[in-house]
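Indexing begins at 1, ligand by ligand and atom by atom, following the structure's order. Small disclaimer: the values here were computed from a predicted structure and weren't measured.
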Amino acid sequence: MLPAVDLKPPFNITRASHIVLHVSDLKKSRDFYVKIIGLVVSDETATECYLRGLTEAGHHSLVLVQTQGEATCRRIGFRVYFDEDLDVAFKWFKDQGLPAAWAEVPYQGRTLHVEDPFGTKLELCAHMTVRERMFLKFEQFTGAHAQRLDHFQIFAPDTYKSCEFYSRLGFRNSEYLAHGDKLLGAFMYRKGTCLDLAIVENTGPKMHHFAYIIPEPQLIFTACDLAGNFGYGGSVDRGPGRHGPGGMLYVYLLDPDGHRIELCDGHYQTIDTEVEPVRWEAASLSTNVRWGLPATERWYSHASPFEGAVLNKPEKAPSPLTLETYIQQQIAAKAA
Ligand SMILES: [Fe+2]
């Protein structure tokens, strides 16, 4: 069912590290991520803002870049262990006929820009400028006290092929969602918890959401309360709720440009090689919650495009049970 994983991959990606987003109003977005999510500003200019979570020593896990154009996702970033891994990665991507180019990025060591076979824009680096971990600076805490970036979820037009690609790079599945032989969702990791990269089949490549870990479940409600008070009540996009896969408590919010962020509590450890991925049988992507109403159509279809990426549709369009359809079904059942 799942592609073979290379447990000794050609180079060592260690974890999801950072994300770079275009935003249409830098101050507005900065306020959203500081006052509601609780990130700390590491550095900022008139056009860029570098933020990190309270337990993060790396300079940034979120970079906001002012744009006059479309508010796309520029790149999702992963760490490799050593600088040498970058040289191996450069050659590996070139050998596969995939884009690979060196880039100069502030506060990062040598940085490599690469793409997966569907055009997902990736950034690899081994080092960043180090900043103080802030998790004991209680007097400075804001928002939901976001601790660290945990994972990304992307849309790909073929989950299996995408999963196969990342399996060659050592990504393993903690859990997956399938219907018969069809893989619909792959929940993959490198760092030894449930997730670094979730892949869901839909028109892509797109960035569906990025997730930060919060330290206490009630902070999910704090984020919702603050979103309401700062004028983003309608941007609480899904939840609070509890995932089936991974079992995390979650809420999703849309930032001022519609980039989606998830706040969730932690999940289990996955390092040991003998443990098999957990299969979730589902005819659609809609049955992976433990309780609560289905997500809206917006949650299933809206995602941030990657800058300059060409979109491809999946062979079969996804047809999840949306909240809209669910309500129509309830009304029809009542009338019958
Ligand atoms: Fe997630």
Side-chain angles (χ1 to χ4, degrees), residues 15-19 21 33 36-39 53 61-62 73 76-78 120 144 146-156 159 162-163 166 171-177 183-202 204-215 217 219-220 223-224 227 235-255 258-270 277-278 280 282 284-292 294-296 298-304 306 318 320:
R15 64 178 180 90
S17 161
H18 59 284
I19 182 166
L21 299 175
Y33 285 105
I36 299 173
I37 307 303
L39 298 182
S61 52
L62 172 64
C73 175
I76 53 175
F78 291 92
T120 307
Q147 303 283 288
R148 61 171 176 80
L149 180 79
D150 185 65
H151 65 270
F152 313 112
Q153 181 165 309
I154 57 171
F155 281 167
T159 302
S162 197
C163 178
Y166 288 98
F171 285 74
R172 297 161 68 197
N173 282 274
S174 55
E175 315 205 359
Y176 63 102
L177 192 60
L183 185 65
L184 294 167
F187 305 113
M188 308 190 82
Y189 66 90
R190 282 293 295 160
K191 68 175 168 285
T193 62
C194 284
L195 279 169
D196 283 291
L197 182 68
I199 303 161
V200 166
E201 191 148 306
N202 209 326
K206 287 187 179 183
M207 191 285 295
H208 182 266
H209 70 264
F210 59 106
Y212 276 86
I213 299 289
I214 46 100
L219 287 162
I220 282 180
C224 296
S235 300
V236 178
D237 191 41
R238 180 180 180 183
R242 169 114 26 218
H243 285 303
M248 291 109 72
L249 197 64
Y250 67 83
V251 69
Y252 297 87
L253 298 106
L254 296 175
D255 83 359
H259 301 304
R260 187 181 288 103
I261 179 170
E262 177 183 17
L263 298 174
C264 57
D265 59 1
H267 32 97
Y268 60 82
Q269 206 165 267
T270 51
V278 177
W280 292 81
S284 77
L285 294 168
S286 55
T287 53
N288 61 348
V289 292
R290 303 304 283 171
W291 40 261
T296 59
R298 176 175 74 177
W299 189 87
Y300 285 110
S301 62
H302 168 77
S304 304
F306 284 96

List the steps and the verdict of side chain to side chain donor-acceptor pair (under 3.5 Å) for Tyr176 and Thr159. CA-CA 10 Å; Tyr176 63 102; Thr159 302; over 6 Å; no

First locate atom CG of Leu195, then atom CG of Asp150, and finally report the distance between them rounded to the nearest 0.5 Å. 6.5 Å

Once the angle between the rings of His151 and His267 is folded into 0 to 90°, is it parallel (under 30°), tilted (30 to 60°) or perpendicular (over 60°)? perpendicular

Whether Tyr33 and Phe210 hold their rings parallel, tilted or perpendicular, with breakpoints at 30° and 60°: tilted

Check: Phe171 ring centroid to Phe78 ring centroid under 6.0 Å: yes

Leaving waters out, which protein N, O or S atoms fall under 2.8 Å from the Fe ion (ligand 1)? His151 NE2, His209 NE2, Glu262 OE1

Reported NE2-to-CG distance for the pair His243 and Leu249, which is rounded to 0.5 angstrom: 9.0 Å

